[in-house]
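Computed over heavy atoms, backbone and side chain alike; hydrogens, waters and symmetry mates excluded.
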Protein chains: 2
Amino acid sequence: MCAKKVTIREVAKRAGVSIATVSQILNGKAMKFDPLTVQKVQAARDELGYEADHLARQMVGKQSKTIGILVPEITNSFFSTLVKGIEEELLHSGYISMLCNGGFNGAKEEKALLELAQRGVDGFIIASPSISDEVLKEILQIKKRPVIVLDQKTTVERSDEVATDDFNGGLLAAQYLKKMGHTKVAVVVPDLATVNIMHRLQGFLVEFPQALQLKTELSKNGGQAVVAELLDQKIEAVFALSDELAFGIYLGMRQNDKSVPDDLSVIGYDDVEMCRYVTPALTTVAQPIYELGKQAADLMVKRLADPTSPYVKRILPVELAIRGSVKVKI
Amino acid sequence: MCAKKVTIREVAKRAGVSIATVSQILNGKAMKFDPLTVQKVQAARDELGYEADHLARQMVGKQSKTIGILVPEITNSFFSTLVKGIEEELLHSGYISMLCNGGFNGAKEEKALLELAQRGVDGFIIASPSISDEVLKEILQIKKRPVIVLDQKTTVERSDEVATDDFNGGLLAAQYLKKMGHTKVAVVVPDLATVNIMHRLQGFLVEFPQALQLKTELSKNGGQAVVAELLDQKIEAVFALSDELAFGIYLGMRQNDKSVPDDLSVIGYDDVEMCRYVTPALTTVAQPIYELGKQAADLMVKRLADPTSPYVKRILPVELAIRGSVKVKI
DNA sequence: CTGAAAGCGCTAACAC
DNA sequence: GTGTTAGCGCTTTCAG
């Protein structure tokens, strides 16, 4: 099942041709050869189960069939789902993922990216807000390898893009809250706001222009930290720009002996798996996270296959997942 | 910051020696050279910021400084935390991670492993119950690369090991339940029981030899599925062999309009981050998951540095994290 | 002590 | 059409 290591030379010998011929034929240039030779080579390849060594191939400047992935926090359900989507699609296309966890730390991310670049990855999929534009540009320009960024501070020119319809997501959340009769609403926004998150906010503000905006860290802790203020201000309903934030709010409420949704309605964003398992189940704006990862990977593979094709941008739809964390105001 | 790509040749030229000399000196054989030459070479290396190309080096049969990681489901909090620990420790030591998601699918895992092997990883860290022993042996024997398995069906001979004190964890859970006055208890065990999970069970059974054992899938769904039976049997307290299972039970209880812990006490295993955020917060046996990953990575790095050192086994302690899901029986 | 030379497995010009 | 040759960047005998 897993022979020692069959080289191109053996295939050549077996087929009675030179290694160059084998290389050519096996790399798409088959039509320039005598059909008979092609036959022999392919037969030999199959019989020996030969597969080109990615590493050797890479040394001569070809693809390594490896993609570098950078996420800030794999531990976060959003990112792990994303990575899963990327990884599965990539593996399916014969690529493999090199994963790095940036930890929301610019320096570490840069190091990771460099390490990845040095490893000769064919492209990067970067989903991390704290990576600086300059570093990104450097990678992109100097290394000339395609990059796809997700969840980024700014958009990189000259790259493909996948995103979800963030503006609409924010709008959906607002409309729902309004429909449920809420007027005194707040929105909790992260310090480190990425463009996509800003879009959500903008969508939300269309319906609630003067919603109270609470800044905090984009994490469970951040959500927890904001509860006191929410309670002080007698807010009725809060829009958490991520489910993580919402989970933190849940905890904060419980610590204050208050109930969701009786004392405060909360609506989240992302639709992470745990939404269904917290009590009450979290009403949230569902993004197709896994799909987002798959699409990013797909775009990357396509780009690598045809580097000159025009850049594309794909927007994935979002929808409201109504569960139990928003009550109708009587 | 990221020079074009400085090769060994440039360093050699700069130092006024041959590339062979540079290679030797930079690879530990410095003492066999004239101190002056060593000086010059190191100076040149530093000035140019030279670093050997991992790929080229690998081609000549050296290390690739890359470790393959296989997990069944990165989306699962346990595994993502584990991966984070591995990844961080590895990056710290100059290694990089190639991640594959097995999806609890033997065939896919095998493919991933092969792909990883072909990529020339220096070693494998495998945390996946469904990988077969034969495949594992093959990797280990044919490729002769070190493997560390976690959460495995069986233990591989001739490898280092890290594990947590599963037996004690089960015992701890049982003792706590007993202390809280429960007698009619159940334990929900996964179909696909790995050795470590069996140890937990054994520890638990020491205190509750005739606990009701419910078999199900090791997942949230599995937990949910088992609730009806739990209720039918009028169980007072249940030990879920993983937090995932416990979360499923929470949902199942809610769907039956029953309360945790009033109608059923539940204790989990793992201490995943969400334990604190569900309602009630989940009492569980805490394993140092992140640390487990770090240790596995550390062991791997050490093994690679000194392949002949004796195999070691590290056992990490577990402890009870008491929260709100177990009530004292009056 | 140090350097020349032979590859590792593969691809790409350029001859034949 | 197909083989020859020259590397990619590095390590490693093996002479000198």
Side-chain angles (χ1 to χ4, degrees), chain A residues 3-42 44-45 48-66 94 117-122 143-144, chain B residues 3-42 44-45 48-66 94 117-122 143-144:
Chain A
K4 200 59 232 185
K5 181 146 247 179
V6 21
T7 79
I8 196 174
R9 240 173 294 271
E10 307 178 41
V11 180
K13 181 146 30 123
R14 191 104 146 82
V17 299
S18 82
I19 62 167
T21 304
V22 175
S23 176
Q24 302 266 65
I25 291 182
L26 262 30
N27 284 27
K29 272 105 183 109
M31 65 294 297
K32 318 192 71 178
F33 288 78
D34 184 321
L36 194 72
T37 322
V38 175
Q39 280 297 321
K40 284 191 300 185
V41 169
Q42 285 174 340
R45 188 259 318 265
L48 267 38
Y50 167 77
E51 268 185 67
D53 180 322
H54 291 290
L55 286 127
R57 168 177 276 168
Q58 186 174 358
M59 278 218 56
V60 254
K62 301 295 281 186
Q63 296 190 2
S64 62
K65 293 283 184 185
T66 303
Q118 200 187 124
R119 256 17 181 246
V121 299
D122 291 339
K143 300 293 183 174
K144 289 200 164 162
Chain B
K4 200 56 234 184
K5 180 148 247 179
V6 19
T7 78
I8 196 173
R9 241 173 293 273
E10 308 179 42
V11 180
K13 182 143 33 119
R14 192 103 146 82
V17 298
S18 81
I19 61 167
T21 304
V22 175
S23 176
Q24 303 265 66
I25 291 181
L26 263 30
N27 284 28
K29 274 109 180 99
M31 64 296 296
K32 317 192 69 178
F33 289 78
D34 185 321
L36 193 73
T37 320
V38 175
Q39 280 296 322
K40 284 191 300 186
V41 170
Q42 284 174 342
R45 188 262 316 267
L48 267 40
Y50 166 77
E51 268 185 67
D53 181 322
H54 292 293
L55 286 128
R57 170 176 273 169
Q58 186 174 358
M59 278 216 55
V60 235
K62 301 297 279 186
Q63 296 191 1
S64 61
K65 293 283 180 183
T66 303
Q118 201 188 123
R119 245 44 174 227
V121 297
D122 290 339
K143 301 293 183 174
K144 288 196 164 166

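Between the side chain of B:Gln58 and the backbone N or O of B:Gly120, at least one donor-acceptor pair lies under 3.5 Å.
In this structure, A:Tyr50 and A:Leu26 have side chains that are in contact, with non-hydrogen atoms separated by less than 4.5 Å. Using a 4.5 Å cut-off on side-chain heavy atoms (C-beta onward), A:Glu51 and B:Gln118 make contact. For the pair A:Arg119/B:His54, a side-chain contact is recorded, criterion being any heavy-atom separation below 4.5 Å from C-beta on.
Of the listed residues (A:Val22, A:Asn27, A:Thr21), just one forms a side-chain contact (heavy atoms from CB on, under 4.5 Å) with A:Ile25, and that residue is A:Thr21.
In the set C:dC1, D:dG3, D:dT2, C:dC1 carries the atom at the smallest distance from any side-chain atom of B:Thr37.
If you measure from atom CD of A:Gln63 to atom C1' of D:dC8, you get 17 Å, rounded to the nearest angstrom. For A:Leu55 and D:dG9, the CG to C1' distance is 13 Å, given to the nearest whole Å. Rounded to whole angstrom, the span from the NZ atom of B:Lys32 across to the C1' atom of D:dC14 amounts to 12 Å. Residue B:Lys13 contributes atom NZ, which lies 17 Å from atom C1' of C:dG3 at whole-angstrom precision. For the pair B:Met59 CE and D:dG7 P, the computed distance is 17 Å after rounding to whole Å. Here the C1' atom of nucleotide C:dT11 and the CD atom of A:Gln58 are 14 Å apart, to the nearest Å. In this structure, B:Lys40 atom NZ and C:dC1 atom C1' are separated by 12 Å, rounded to whole Å. The separation between A:Leu26 atom CG and D:dT2 atom P is 14 Å, rounded to whole Å.
Considering OG1 of A:Thr7 and NZ of A:Lys13, their distance stands at 8.5 Å, rounded to 0.5 Å.
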Can you tabulate the close N/O pairs, meaning under 3.5 Å, that link protein atoms to atoms of nucleotides 10-13 of chain D?
residue : atom : partner : partner atom : Å
D:dC10  : OP1  : B:Tyr50 : OH           : 2.8
D:dC10  : OP1  : B:Asp53 : N            : 3.3
D:dC10  : OP2  : B:Ile8  : N            : 2.4
D:dT11  : OP1  : B:Asn27 : ND2          : 3.1
D:dT11  : OP1  : B:Arg57 : NE           : 2.9
D:dT11  : OP1  : B:Arg57 : NH2          : 2.7
D:dT11  : OP2  : B:Ser23 : OG           : 2.9
D:dT11  : O5'  : B:Ser23 : OG           : 3.4
D:dT12  : OP1  : B:Lys62 : NZ           : 3.2

